[in-house]
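Ligands are counted one by one from 1 in listed order, and the atoms in each one are counted from 1 as well. Note that the coordinates shown come from a computational prediction; the quantities given were computed from them, not determined experimentally.
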Amino acid sequence: MSFGKIYGVLDNPRTTACRVVAKANDLDVELVETAPGTKEAEYLKVNALGKIPSFVGANGFVLTECIAIAVYRK
Ligand SMILES: N[C@@H](CCC(=O)N[C@@H](CS)C(=O)NCC(=O)O)C(=O)O
């Protein structure tokens, strides 16, 4: 079952840190490739600053800031 999605870039350090923690906790988290600094309207609804990474849980819960994402537990 999906835990959620991480918006970020493969090999970006902050994205990677979040994905490593998810993997270590056996969480199914999809990576949605998103360029840092994007001003796409859809992404700005997730992260108003356009920064990566961002997390959107399967329940719709949104988190930004890589440390907050990494330590988040449902
Ligand atoms: N405090 C944020 C910083 C996020 C951040 O600055 N991400 C960079 C990429 S590593 C970014 O999106 N830069 C694009 C920009 O600042 O417009 C965090 O730790 O998640």
Side-chain angles (χ1 to χ4, degrees):
M1 189 178 111
S2 174
F3 187 65
K5 299 177 181 179
I6 289 179
Y7 292 78
V9 174
L10 196 64
D11 294 337
N12 166 267
R14 288 184 171 98
T15 305
T16 300
C18 293
R19 295 180 73 225
V20 164
V21 173
K23 176 104 176 154
N25 286 282
D26 210 21
L27 296 172
D28 176 15
V29 176
E30 176 191 350
L31 173 65
V32 181
E33 287 274 351
T34 305
T38 183
K39 298 296 179 224
E40 286 178 28
E42 279 306 303
Y43 187 61
L44 294 180
K45 289 180 193 165
V46 174
N47 187 321
L49 298 177
K51 291 181 184 276
I52 59 154
S54 298
F55 171 80
V56 179
N59 59 2
F61 182 66
V62 176
L63 262 182
T64 60
E65 296 294 322
C66 63
I67 293 175
I69 296 167
V71 302
Y72 172 62
R73 299 288 177 276
K74 194 161 40 167

Does Thr64 approach ligand 1 within less than 4.0 angstrom via side chain, backbone, both or neither, non-hydrogen atoms only?
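It is neither part, as no heavy atom is under 4.0 Å.
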
How far does [atom1] of [X] sit from [atom2] of [Y], to the nearest 0.5 angstrom?
| X | Y | atom1 | atom2 | value |
| --- | --- | --- | --- | --- |
| Ile6 | Leu63 | CD1 | CG | 10.0 Å |
| Phe61 | Tyr72 | CZ | OH | 5.0 Å |
| Glu42 | Tyr7 | CD | OH | 9.0 Å |

What residue and heavy atom of the protein are closest to [atom], and at what distance?
| atom | value |
| --- | --- |
| atom 2 (C) of ligand 1 | Glu65 OE1, 3.2 Å |
| atom 16 (O) of ligand 1 | Lys51 NZ, 2.7 Å |
| atom 8 (C) of ligand 1 | Ile52 O, 3.8 Å |
| atom 19 (O) of ligand 1 | Arg14 NE, 3.1 Å |
| atom 20 (O) of ligand 1 | Cys66 N, 2.9 Å |
| atom 14 (C) of ligand 1 | Gly37 N, 3.5 Å |

Between Ser2 and Ala58, is there a donor-acceptor pair closer than 3.5 Å when you use the side chain of the first and the backbone of the second?
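It does not hold such a pair.
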
Can you tell me if Thr38 uses its side chain to pair, donor with acceptor, with the backbone of Pro36 under 3.5 Å?
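Side chain of Thr38 to backbone of Pro36: no pair is present.
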
From the candidates Pro36, Ala68, Ala17, the one that places a heavy atom nearest atom 13 (N) of ligand 1
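Among Pro36, Ala68, Ala17, the closest heavy atom to atom 13 (N) of ligand 1 belongs to Pro36.
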
Would you say that more than 12 heavy atoms from the other residues, nucleotides or ligands in this model lie under 6.0 Å from the CD of Glu33, or not?
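Atom CD in Glu33 is crowded, with more than 12 foreign heavy atoms closer than 6.0 Å.
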
Show which atoms of ligand 1 fall inside a sub-4.0 Å distance from at least one heavy-atom site of Asn12.
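Those qualifying, in numeric order: 9 (C), 10 (S).
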
If you look at every heavy atom in Tyr43 and Ile52, which pair is closest and at what distance?
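Heavy atoms only, the tightest pair is OH-CG2, 3.7 Å.
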
